[in-house]
Each structure stands twice: as C-alpha cells, then as structure tokens.
Engineer: 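Dropping a structure here in structure tokens format, bear with me for questions.
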Amino acid sequence: MPKGAKVMEAAEKLGRKLAKRAICARIDGELVGLAQSLDKGGEFELLDFEAEPARAIYRHTAAHIMAQAVTRLYPAVKLAIGPAIEDGFYYDFDVPKPFSPEDLGQIEKEMAKIIQANYPIESAIMDRDHAIAHFQREKETYKAELVEDLPPDAKVTFFRQGEFMDLCAGPHLVSTGRVKAFKLLSLAGAYWRGDERRPMLQRIYGTAFDKKSDLDAYLQRLEEQKRRDHRRLGRELDLFSTHEEGGAGLVYWHPKGAMVRQLVEEFWRNVHNQNGYGLVYSPHIAKVDLWKTSGHWQWYKDDMYSPIKIDEAEYLLKPMNCPFHILIYQTQTRSYRDLPLRYAELGTVYRYERSGALHGLLRVRGFTQDDAHIFCRPEQLEDELVRVLELADFMAKSFDYESYDVILSVRDVEDTEHYIGDDEVWEQAEGALVNALKRKELDYELGIGEAQFYGPKIDIILRDALGRGWQGPTIQVDFNLPERFGLGFVGPDGSVQRPVMIHRTVLGSMERFVGGLIEHYGGAFPPWLAPVQVVVLPIADRHHEYAEKVGDELRQAGLRAEVDVRNEKIGFKIRWHEMQKVPFMLIVGDREAETEAVSLRARGEGDQGSVPLGKAMEDISAAAKMPRFS
RNA sequence: GCUGGCGUAGCUCAAUGGCAGAGCAGCUGAUUUGUAAUCAGCAGGUUGCGGGUUCGAUUCCCAUCGCCAGCUCCA
C-alpha cells in the first residue's frame, strides 16, 4: 500500500465483503479507524463486530450520536463522558432538568435522523491549551477539566460528525450511518467521576448492534433476566419475603426457601466436616472493647450498628465473626502441632448498608456468612490457601457454576489511612496469595485499593448460566488480627510464635448465594436442592388413597414429596407444578393403581411413560443425591 | 446516602380532581377429570403511612417509610 492511503483502501484490497463488515483495524496492536491514513506498516488485521474492541468502537460511536441528539434537543446541556461498556454504552450529561423516560423516545428519533444523514466522522487535533480555551468558551466545563488533566504537551483529538464535535481519543466508525440497530435502555443519576461529593449528572444507557436481529436477541436476554430475577421467583415460588414493617434489608425465609438454604447448609457442613474444619457457634453481640481490640470499632465503625446497653456495658451487633473465633483459639495454649486449626461457622452478621444499596437477597443488612478462620503457622499459609482454593472450586462446581473469575485485591500503597499493619506484613500476605494462585494456575485481575482493612484478599466471581458474575468465595490473609489479640502458639523450640489467620468464605453468604442460585437455575433447582422433589397427582377422587400411599412411600424413602388432591383436572395440576418447577411428577389413575405403577413426568421433558413404583423411586432417589466431596 | 421513577385487592395491572375496576390467586358449589389453565357464584380496598390545598384527592403539594434503575459501597 502507498503511504498516506486510508485504512479503508487497504481493507478493500483484502476483499469487498470483508471491508464492508470491518469496523476498525489493528495495526501492530494499535486500533485505528477505517478513515485514518496508513502512516506506518506492520501487522494488519481487520476487526468486525464480532471482535470485542471493534464492538466497543461501534457502541462508542452510538454514544456520540446520542450526545449529538441530546445536544440538538437540549442546547443547554453540558457533556461529560460517554464510553462503551459491556453490552452497550452510556453518556453522562449535565442538564438543568433531569430527563424523563418519555424523553428517550424523542432522543431515539433524533438519533435515527443523525444516522439517516450519514455524517462522515472526521478527526481533528488541537493542542492542549487551545482545547481548554475552546471548551471554556463553549461552557463545556467537564470537557475542559478532562483536558486539563492531560500532560501540558498533549495533543488532543476531536471527532466531528455534522455540526457536533466531541473530545475523544477515538477511533470511531467512518460515518454515523454505520450504526444499524440501537436502543436507549434506561436513565440514572451518576456522580461526575464517580465521586459522591461532585455533581450528580444524568446518565442515559443504551446499546447498539450491527444487526437488528442481534439487538432483538439481546433485548430478549434482558427479558430472560427479568424472568429469572430472584425477587420475582422468590415470590412466585414462595421462597422468601421482606417486609416494610420489619425493616429494609432483612430477609424472611419461607418454608420452601428455607429448605433450599437448609440443604445448602447441610451440604456445606458435610464438606467442612470432611475437610478438617471444626464447626462452631458464636454469639451475635459482644462488648465494645472486643471490637476495639479487633480494630473494627476504629476501622469498620461506619458499617456497624449503634451500641446496645446491657448492665452499664455497651455491646455491638457483630459485623464479622473473626474476633469470636479468636476468643475460641485463645482458650488453650496452642502448640505448633495443633496447627492449622480451622474454625467454621454459619455466622449471622449485621452490617449497615446504605438504603440505596439494598437489593433483594443480594445486598441485605443481616446475613449469614459461611465463614471460617484458619489459624496456621506462617510456613503453612500457602498450602492452606491452596486447600481453600480447591474447596472453593469444588463448591462452585457442585452448584453447576462451570467457570469463575478471580480478583486479587491488594491495598493501595499510597493510601495509608484505611489499612492497619506494616508494609512488610502486607507484602508477605500479598505474596502468599499470589503464590497460591500460581500453584493452582489461576489467572487473576488485580484490584488495587480493594483490600480489607486488615489484609489483602482473593475474590472469586462465579459465572452463572447467563454468563453473569456473582460475588462468591473470598479468601483473606491476615497477619494483623493475630498481632492485635496477641495470639501465639508454642513452637518446637518452646518459644511462643505468632500464627497467621486466613478469613475465608466459599459461598459468600446464604442470602447472596441462594439469591444467585435462584437466578442461575431460573428457579428450577436440581433435584437435590428442590424444596419439593416429587409431587403425586391423582387423576380423580377415587385415586386419592393410592396417591397418598405413593406419597408416604416416597417420604419413607427420604424424598420430599407432596400429593396434590385438589379438585382440578390433571392438565391444571401439571401446569401448576411445572410452573412451580417441581422436578418430578407422578400421575396416578386407574391403570397405575391396579399395577402398583406411576406415570412419570420429568420437569421440562414431559411424559416419560408408566413405570413400576419401585423403579420410579429408585430413579428419583438416584437423581436427587446430594453431591459429596471426594 | 445521592439522582430519577414508582407505591391502588395476595399477585399483575386499570381508573388524571367527581360513586375505585379487571384478570389470576382465595372461598363456596357444580363437575370426577389421563399429561401445561373445567364452569358458575361469592368475597376481597381507610389507594404505603402522616399532614396540607380543595366543596371534593388514588389523582395536586409537603414530609416519611418502602420498592425499582443507577451512582457510591459490598458477603
């Protein structure tokens, strides 16, 4: 290709069809727009909508089109930022009057005009000072601030489409007409630069696809997410409720939801007993002094509830279980031979969550953590972390979470205010976590400044059936609490040494975990977790006796079975229990009663035909087995 | 906590300043049913709670509680 030729021309050379679908190119790893000139050679690759970076460019252009439309309709608007995000884009605006949902339709219409006009999108470069002056003149104070943060010698790029020009690093589509399918989805407030002390802007979320059918499929996926919403299923399947009278963020588990939770807990207990944990119970409140020793009073106060006065002493509701497990540790002189000591507890804690953060079962003010604290010698730390990672993996797989993402949260070394303990101790802790992850060959993202006040942590984000992420296991290394409580163990040489603590949960909390499970399974729990595993459906009144007998036998065999003797037709009952997501239905009429048989129906799969009762019970029992750790 | 939206029967939703309604669920009765909704009748409400404007408020205003979408924060 000649120097100065456009990327697009190079693309055409590769093929008409290819060029038509291309959004941008990657030259030596750098993304460039199709309208840009080729000023250097290198490895050349065309990207279409299938490629994530190209998709982001496409949606980013859609965000610009939205900003252009908003600027036309609301001339007083000030623009902030408008990036592409997972599945779409947003743009933040400062407008005198907030948008209403009805405004979105208007904006969409204006966007359609801009797309129709097919304005070419051209880039321009200005030096930093000119750019600042330009934005100050235009009263675009947010844009001016963005440019001011750039280094003094920076060249600032702009993109122009029609009358609209926006500060932007690019690249972009070649013209506005390239956006084929878009939709504005929602409105929200958002702080400028995510800082709650700064102005609240109006954010519009939208999404864009290069095919109408893909947009429709995406919108259908949103519908599917709504159908699986645990708050909706929680009501429809009679699993749990919350009550205005009782207070926000506090959960009431109904018998069926409680059964699911109980099964999760039973499984959890089995696994922990098998894995060398001692299961403990601890109180819900403790004196303020204990929380002063642990540091919670100083470092975690904003998340804790006000003290309760009992006999002149002040007590606090626990936000964490760790100090209690430490007290248990301290009841004996521990030998190096005793370690590691692992205490596990389904411990109910209470934390103050800001009212706007509350959300169904996923964000609540009282919840039960599947907590454990491992006290070990420093040289045991890495092995223990590996064991926890293995346990976490087993737990995830047992609930059909096929994959997960790992985040290593470390302290921000600049921020000395939010963390206790010396640098050396932090480095040691962070190093142990990194080594454990390496040994399990787990890739991870780094979360700087995301650590707990007492130590760094690994967070595991479970990917559900729809590919969404759920906060699951977390593993924290802590050298600080053992120090604060003066914990010790007697070493082989008779000297007293300091143990290390691991705080960990492998599910998260019962509330959040079960909430996630409801959505993951869409309410259709696998047989071992289903609150009702089998329902017996008699055809007519004369079959009730046999149906009850079948129900009794099922229950005798340890299955959770119900008999539906309502005066309804069989079709009604089948529909009802299908919607209640019961895994198995046994239909009994004259034919079955005569031959000690049942007509088996499996959830979602329909009629499986007539089966002898004994065989049906065996099959159902086999399908309903709780997973075991091996 | 902040911004915006919302709160009407158990659930889903109508009624825009003038007698609060429907479907499903519930109850009663009829029907005795063979693989995703049998029919009929009955009952169900201080319109979240408190104040105000008005002859009159589900509707307009203020406050409060709760919910929703985000922001911030997090198991």
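Labels below follow one simple rule: chain letters A, B, ... track the order of the sequence lines, proteins then strands, and each chain is numbered from 1.
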Engineer: Check whether the side chain of A:Ser509 and the base of B:rA75 form a donor-acceptor pair under 3.5 Å.
Structural biologist: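 Check passes, donor-acceptor contact within cut-off.
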Engineer: By nearest atom, which of the nucleotides B:rU72, B:rC73, B:rA75 is closest to the A:Val364 side chain?
Structural biologist: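 Of the candidates, B:rA75 comes closest.
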Engineer: For a quick check of understanding: with a heavy-atom distance under 4.0 Å over all strands, which category does A:Phe513 fall into, base, sugar-phosphate or nothing?
Structural biologist: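 Since no nucleic acid heavy atom lies under 4.0 Å of A:Phe513, the category is nothing.
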Engineer: Suppose you measure atom C1' in B:rA14 against the same atom in B:rC2; what distance do you get, rounded to whole Å?
Structural biologist: 33 Å
Engineer: Can you check whether any acceptor in the base of B:rG1 is under 3.5 Å from a donor in the side chain of A:Tyr191, or vice versa?
Structural biologist: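 Pair found.
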Engineer: Can you sort out the partners of A:Ser100 under side chain to side chain contact (heavy atoms under 4.5 Å, CB included), two or more places apart, ordered by chain and number?
Structural biologist: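 Once residues adjacent in sequence are excluded, the partners of A:Ser100 under the side chain to side chain contact (heavy atoms under 4.5 Å, CB included) criterion are A:Glu102, A:Asp103.
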Engineer: Quick one: list whatever passes side chain to side chain contact (heavy atoms under 4.5 Å, CB included) with A:Asp541, sequence neighbours left out.
Structural biologist: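 In terms of side chain to side chain contact (heavy atoms under 4.5 Å, CB included), with neighbours along the sequence ignored, A:Asp541 is linked to A:His544.
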Engineer: Classify every nucleotide of nucleotides 3-8 of chain B by which part a protein heavy atom approaches to under 4.0 Å, writing B for the base, S for the sugar-phosphate alone and - for neither, in 5'-to-3' order.
Structural biologist: BS--B-
Engineer: Could you summarise the pairing of RNA chain B as dot-bracket text, marking Watson-Crick and G-U pairs under 3.5 Å with ( ) or [ ] inside the strand and | across strands?
Structural biologist: (((((((..((((....[..)))).(((((.......))))).....(.(((..]....))).))))))))....
Engineer: Between B:rG52 and B:rU58, how far apart are the two P atoms, rounded to whole Å?
Structural biologist: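 My reading of the P atoms in B:rG52 and B:rU58 gives 14 Å.
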Engineer: List in chain and number order the residues that pass side chain to side chain contact (heavy atoms under 4.5 Å, CB included) with A:Ser599, two or more places apart in sequence or in another chain; answer none if no residue qualifies.
Structural biologist: A:Ile587, A:Glu592, A:Asp607
Engineer: Only pairs at least two apart or in different chains count here, so list each ring-ring contact (aromatic ring centres under 6.0 Å, His included) that has a residue in residues 573-611 of chain A.
Structural biologist: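 ring-ring contact (aromatic ring centres under 6.0 Å, His included) check on residues 573-611 of chain A returns no pairs.
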Engineer: If you compare all heavy atoms of A:Arg228 against all heavy atoms of A:Gly522, which two are closest, and at what distance to 0.1 Å?
Structural biologist: NH1-N, 3.6 Å
Engineer: So A:Trp253 and A:Phe240, would you call those rings parallel, tilted or perpendicular, with 30° and 60° as cut-offs?
Structural biologist: tilted
Engineer: Near RNA chain B, under 4.0 Å by heavy atom, which residues of residues 365-373 of chain A?
Structural biologist: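 The answer is A:Phe367, A:Gln369.
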Engineer: A:Asp412: which residues meet the side chain to side chain donor-acceptor pair (under 3.5 Å) condition with it, sequence neighbours left out?
Structural biologist: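 Here no residue qualifies.
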Engineer: When all nucleic acid strands are considered with a 4.0 Å heavy-atom cut-off, which category describes A:Lys226: base, sugar-phosphate, or nothing?
Structural biologist: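 Counting heavy atoms under 4.0 Å across all strands, no contact is made by A:Lys226.
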Engineer: For the side chain of A:Arg231 and the base of B:rC67, is some donor closer than 3.5 Å to an acceptor across the two?
Structural biologist: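 Result: no qualifying N/O pair found.
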Engineer: For a quick check of understanding: with a heavy-atom distance under 4.0 Å over all strands, which category does A:Thr505 fall into, base, sugar-phosphate or nothing?
Structural biologist: nothing
Engineer: Sequence neighbours left out, what passes salt bridge (Lys or Arg N to Asp or Glu O under 4.0 Å) with A:Asp400? Give chain and number order.
Structural biologist: none
Engineer: Assign a letter to each nucleotide of nucleotides 33-40 of chain B from its 5' end: B, base within under 4.0 Å of a protein heavy atom; S, sugar-phosphate only; -, no contact.
Structural biologist: BBBBBB--
Engineer: How would you list, by chain and number, every residue that makes a side chain to side chain donor-acceptor pair (under 3.5 Å) with A:Tyr205, sequence neighbours excluded?
Structural biologist: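 If we apply the side chain to side chain donor-acceptor pair (under 3.5 Å) test to A:Tyr205, skipping adjacent residues, the hits are A:Arg203.
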Engineer: Could you tell me whether A:His577 contacts a base, only the sugar-phosphate backbone, or nothing, with contacts defined as non-hydrogen atoms closer than 4.0 Å?
Structural biologist: nothing
Engineer: Going by the rule side chain to side chain contact (heavy atoms under 4.5 Å, CB included), which residues pair with A:Arg468 if we only count those two or more places apart in sequence or in a different chain?
Structural biologist: A:Gln225, A:Asp464, A:Leu466, A:Trp470, A:Glu519
